[in-house]
Amino acid sequence: MSKLKTESLAGLTEALAVPTYDRAAVRTGIVHFGVGGFHRAHQAMYLDRLMNEGKALDWGICGVGVLPQDSAMKAVMDAQDCLYTLVLKNPDGTREGRVIGSITEYLLAPEDPEAVIAKMASPQTRIVSLTITEGGYNFHHVTGEFDAGNAGVQADLVPGAVPATVFGLVTEALARRREAGTPPFTVMSCDNIQGNGDVARRMFTAFADLRDPELGEWVRANVAFPNSMVDRITPVTTDADRDMVAEDFGVEDAWPVVSEDFEQWVLEDHFPQGRPPFEDAGVQVVGDVEPYELMKLRLLNASHQGQCYFGYLAGYRYAHEVCQDPLFSRFLLDYMEREATPTLKPLPGVDLDEYRHKLIERFSNEHVRDTLARLCAESSDRIPKWLLPVIRENLDAGGEIHRSAAIVASWARYAEGTDEQGAEIDVVDRLREPLMAAAAHNREDPLAFISQPELFGDLASNERFVEAYTQALASLHDAGSRATVENLVRGHGNREGG
Ligand SMILES: NC(=O)c1ccc[n+]([C@@H]2O[C@H](COP(=O)([O-])OP(=O)(O)OC[C@H]3O[C@@H](n4cnc5c(N)ncnc54)[C@H](O)[C@@H]3O)[C@@H](O)[C@H]2O)c1
Ligand SMILES: O=P(O)(O)OC[C@@H](O)[C@@H](O)[C@H](O)[C@H](O)CO
């Protein structure tokens, strides 16, 4: 069996589509930070699609890793000429494989920060894109302010320091462009954050201000940060996926990526230095992304949180197991219809009922095998960004909140660190210690978990929220996850009714 490399492409089975363009002729136009599963299943796939049509050949991607653990991706990218296999898993069990060729270079910042800065400072680079996770933006959950106290940021702000964070690296490249009279690149965030471009603008400008107020002013005035909504469920690659690629497609790929077949990208058209013709690849290029972002984050992402803790506690381990269970899918639809949807903005032409049901269908795709562990990880970055805004808006508007409050309670119960069978839960969160310490007091002090103002603001003093939350938490302790969800679905035991 051949290893995936440029020279092996010609001999691959016809079942595996390969780049039809001359990769050697592709010029880098995009530097991307955070080459994980999602970028490889989404943005890189859209560019590969364009390149296969003979377009966007000057928009090749140079991937960048800034974390030491990205050395694993660097090793694979080096060994495979940056090629990898994307396998789409259709709901009917069929699979489509394609070798993606749009990433043509990969740099590891800890190994060679100067190369990363030089690449971004080059006039040929016109977009710097990001999928660095919600936590990567370094903002305070409640105030939304840039966390200038972060140790990495502090180190990057020492005059003459070699930058190590995405903020230090990008800002140094912008400073060099400004110095050289080269127009700045556009910073395109593709993370699951509401107003991701606006957040990126605030965070990068805040860093530049701290480094040099004049540079900050220049960034504020000159750099474009388009907003976007991105969607494609992309689980973590497993050894079984590697074996499947070898078996189905006869190629040895050390790091393929698998995803659902669904794809969506809604992008604000704000690219002063130009952009690839994304609309030709199916991207919705629009003036205002916010209504789409709210729809996706509050329906899809918040529903992921709505299924993962309840599902895990009930003994499930995969998203499809939870969502194929009519009780849980009913609960999610109720949350979406009664609590999330009233907080959305008008979306002319979008059938929200169809969107909600399609989500249940996507979550239920058993071939994707998305783990609840992935969805439960880094909750402290997710719940405050996706679910708490729904709760706050409904509290202000007098809307229903008991299902959302119960989802928060399910997180609190999960963070106690044992499931309903008494098995240990590996809580993966950068705030693991304080979260678990607070959750340890859930029984004697039911407000302990939500009395973490850096995550929940003043929710612990809102009577209506506290009542719904404590009721759900007590039910989780006394009756368990399934019975709690049953009661929520039946509308028992809450003042809002069903
Ligand atoms: N996986 C999905 O289904 C999916 C779908 C839509 C959007 N997204 C977005 O993409 C992001 C990444 O998801 P993924 O599945 O690729 O995860 P992943 O774990 O495969 O990759 C995460 C990448 O982010 C980088 N990163 C993490 N923290 C960073 C930091 N502080 N500074 C710089 N880089 C940092 C890592 O080095 C890695 O390259 C998500 O957080 C989300 O915002 C993911
Ligand atoms: O990686 P995160 O923290 O943005 O979110 C976890 C999942 O909910 C998310 O990755 C979804 O799979 C994705 O947003 C679907 O498009």
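For the numbers below, each heavy atom of this structure counts, side chains included, while hydrogens, waters and symmetry mates do not. Computed from a predicted model, the values in this text were never measured in an experiment. Start at 1 and go down the list; that is how both ligands and their atoms are numbered.
Annotation for K5: atom NZ counts as buried by contact number, over 12 foreign heavy atoms lying within 6.0 Å.
For D280, the salt bridge (charged side-chain N to carboxylate O under 4.0 Å, His left out) test picks out K55, with sequence neighbours left out. Under the ring-ring contact (aromatic ring centres under 6.0 Å, His included) criterion, Y469 pairs with F465, not counting sequence neighbours. For D370, the salt bridge (charged side-chain N to carboxylate O under 4.0 Å, His left out) partners two or more places apart in sequence, or in a different chain, are R374.
Heavy-atom contacts of I233 reach the following atoms of ligand 1: 3 (O) (cutoff under 4.0 Å). Taking every non-hydrogen atom of V35 and a distance limit under 4.0 Å, the qualifying atoms of ligand 1 come out as 39 (O). Ligand 1 places these atoms under 4.0 Å from at least one heavy atom of G37: 16 (O), 20 (O). Those atoms of ligand 1 with a heavy atom of V66 less than 4.0 angstrom away are 32 (N), 33 (C), 34 (N). Contact atoms of ligand 1 toward V230: 7 (C) (distance under 4.0 Å to a heavy atom of the residue). Interface atoms of ligand 1 facing D70, defined by a heavy-atom separation under 4.0 Å, are 36 (C), 37 (O), 38 (C), 39 (O).
Defined by atom type and a distance below 3.5 Å, a donor-acceptor pair is missing between the side-chain atoms of E134 and N192. For the residue pair D253 and Q80, a side-chain donor N or O sits within less than 3.5 Å of a side-chain acceptor on the partner. Side chain to side chain, T343 and R298 meet the donor-acceptor criterion of an N or O pair below 3.5 Å. If you check the side chains of S379 and Y414, you find no donor sitting under 3.5 Å from an acceptor.
Under 4.0 Å from ligand 1, the heavy atoms of R232 that appear belong solely to its backbone. Within the 4.0 Å heavy-atom criterion, the part of R374 lying near ligand 1 is the side chain and not the backbone.
The heavy atom nearest to atom 9 (C) of ligand 1, considering only F33, F38, Y137, is found in F38. Closest to atom 22 (C) of ligand 1 by heavy atom, among T133, N192, T165, is T133.
Residue, atom and distance of the protein heavy atom nearest to atom 3 (O) of ligand 1 are T234 N, 2.9 Å. Atom 34 (N) of ligand 1 has I132 CG2, 3.4 Å as its closest protein atom, hydrogens excluded (heavy atom only). Among protein heavy atoms, atom 23 (C) of ligand 1 sits closest to T131 O, 3.7 Å. Of all protein heavy atoms, the one closest to atom 21 (O) of ligand 1 is G36 CA, 3.4 Å. When only non-hydrogen protein atoms are considered, atom 31 (N) of ligand 1 lies nearest to G136 CA, 3.6 Å. Looking only at protein heavy atoms, the nearest one to atom 40 (C) of ligand 1 is D191 OD1, 3.8 Å. Looking only at heavy atoms of the protein, atom 25 (C) of ligand 1 is closest to G34 CA, 4.0 Å.
Taking the six-membered ring where the residue is Trp, F207 and F146 present perpendicular rings, their angle passing 60° and hence far from 30°. Relative orientation of the Y318 and H320 rings is parallel, given thresholds of 30° and 60° on the angle between their planes.
At a 4.0 Å cut-off, at least one heavy atom of L67 sits close enough to ligand 1 to count as contact.
For atom 1 (N) of ligand 1, the nearest protein heavy atom lies closer than 4.0 Å. Less than 4.0 angstrom separates atom 19 (O) of ligand 1 from none of the non-hydrogen atoms of the protein.
Taking 4.5 Å as the limit, every side-chain heavy atom of P226 sits out of range of all side-chain heavy atoms of R275.
For the pair R317 and Y312, the distance from NZ or CZ to the six-membered ring centre is under 6.0 Å and the angle to the ring normal is within 45 degrees. Remark: R126 qualifies as a cation-pi partner of W59 under the 6.0 Å distance and 45° angle criteria applied to the six-membered ring.
Annotation: E134 places an N or O atom under 3.5 Å from an N or O atom of ligand 1; distance criterion only.
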Please assess K89 against E366 for the test salt bridge (charged side-chain N to carboxylate O under 4.0 Å, His left out), listing each intermediate value before the final yes or no. CA-CA 9 Å; K89 296 186 165 177; E366 65 206 49; over 6 Å; no

Run the salt bridge (charged side-chain N to carboxylate O under 4.0 Å, His left out) check on D325 and R482 step by step: do they pass? CA-CA 11 Å; D325 182 326; R482 191 170 188 92; 2.7 Å; yes

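Paired with F310 under the rule ring pair (Phe, Tyr, Trp, His ring centres under 6.0 Å), one option of W411, Y335, F328, F331 passes, and it is F331.
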Below 3.5 Å only, please: the N or O atoms of ligand 2 paired with protein N or O atoms, distance on each line.
{"from": "ligand 2", "atom 1": "1 (O)", "to": "R382", "atom 2": "NH2", "distance (Å)": "3.4"}
{"from": "ligand 2", "atom 1": "3 (O)", "to": "E134", "atom 2": "OE1", "distance (Å)": "2.5"}
{"from": "ligand 2", "atom 1": "3 (O)", "to": "R382", "atom 2": "NE", "distance (Å)": "2.5"}
{"from": "ligand 2", "atom 1": "3 (O)", "to": "R382", "atom 2": "NH2", "distance (Å)": "2.9"}
{"from": "ligand 2", "atom 1": "4 (O)", "to": "E134", "atom 2": "OE1", "distance (Å)": "3.2"}
{"from": "ligand 2", "atom 1": "4 (O)", "to": "E134", "atom 2": "OE2", "distance (Å)": "2.8"}
{"from": "ligand 2", "atom 1": "4 (O)", "to": "N192", "atom 2": "ND2", "distance (Å)": "2.8"}
{"from": "ligand 2", "atom 1": "8 (O)", "to": "N301", "atom 2": "ND2", "distance (Å)": "3.3"}
{"from": "ligand 2", "atom 1": "8 (O)", "to": "H304", "atom 2": "ND1", "distance (Å)": "2.7"}
{"from": "ligand 2", "atom 1": "10 (O)", "to": "R374", "atom 2": "NH1", "distance (Å)": "3.0"}
{"from": "ligand 2", "atom 1": "12 (O)", "to": "R374", "atom 2": "NH2", "distance (Å)": "2.7"}
{"from": "ligand 2", "atom 1": "14 (O)", "to": "N192", "atom 2": "ND2", "distance (Å)": "2.8"}
{"from": "ligand 2", "atom 1": "14 (O)", "to": "K296", "atom 2": "NZ", "distance (Å)": "2.6"}
{"from": "ligand 2", "atom 1": "14 (O)", "to": "N301", "atom 2": "ND2", "distance (Å)": "2.8"}
{"from": "ligand 2", "atom 1": "16 (O)", "to": "D231", "atom 2": "OD1", "distance (Å)": "2.5"}
{"from": "ligand 2", "atom 1": "16 (O)", "to": "R232", "atom 2": "N", "distance (Å)": "3.0"}
{"from": "ligand 2", "atom 1": "16 (O)", "to": "K296", "atom 2": "NZ", "distance (Å)": "3.2"}

